[in-house]
Amino acid sequence: MDPDLILVFGFILVILMLVLPFAYVVNQRVQAHEERKLELHARAEEAKADQARFANGDYSKMEERVRVLERIATDGNHVLAMQIDELRDLHQIDDRTASRENAS
């Protein structure tokens with residue numbers, strides 16, 4: 001066999017031994033990066049879903065209570081006392097309902 005051919009084959013073998021592990025490490029990093037991107041995307045979608053849930057349900061309750069408070073502030077004193085009592089009763093009902101749901 002020709003010594004030049006053996007030298008070229010050895011050189012190619014050394015290059016492959018250096019390049020292949022480097023390519024493997026780079027590939028692992030790219031895969032980890034893609035997994036992280038997918039995880040962040042999933043978290044962003046979760047946050048959007050939570051915002052939509054809050055906007056649809058909890059916001060309407062708060063808006064209703066603010067309207068009642070505005071009405072109380074603009075009504076006369078005798079009506080004001082009655083409205084405050086109604087709000088206290090509603091608050092007690094909400095507390096009882098919440099404690100029953102938590103106990104279940």
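The analysis underlying the following values was restricted to heavy atoms, covering all of them including side chains, and did not include hydrogens, waters or symmetry mates.
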Does a side-chain heavy-atom distance below 4.5 Å link F11 with I15?
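Sidechains of I15 and F11: in contact.
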In plain terms, say whether R67 and E70 are close enough for a salt bridge, that is, a side-chain N and a carboxylate O under 4.0 Å apart.
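E70 and R67: not salt-bridged.
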Only one of K37, R43, E45 clears side-chain contact (heavy atoms from CB on, under 4.5 Å) with H41; which?
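Output: one option passes, namely E45.
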In the single-linkage hydrophobic clustering (I, L, V, M, F, W, Y; side-chain heavy atoms under 4.5 Å), do M17 and V25 co-cluster?
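No, M17 and V25 fall in different hydrophobic clusters.
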Do L38 and V30 share a hydrophobic cluster (ILVMFWY, side-chain heavy atoms under 4.5 Å, transitive)?
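As far as the 4.5 Å side-chain criterion goes, V30 and L38 are not connected within one cluster.
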Is it true that, when you exclude E64 itself, more than 12 heavy atoms of the residues, nucleotides or ligands shown sit nearer than 6.0 Å to its CD?
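Check fails, neighbour count at 12 or below.
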E35 side, atom CD; L40 side, atom CG - distance, nearest 0.5 Å:
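Nearest 0.5 Å value for the CD-CG distance: 12.0 Å.
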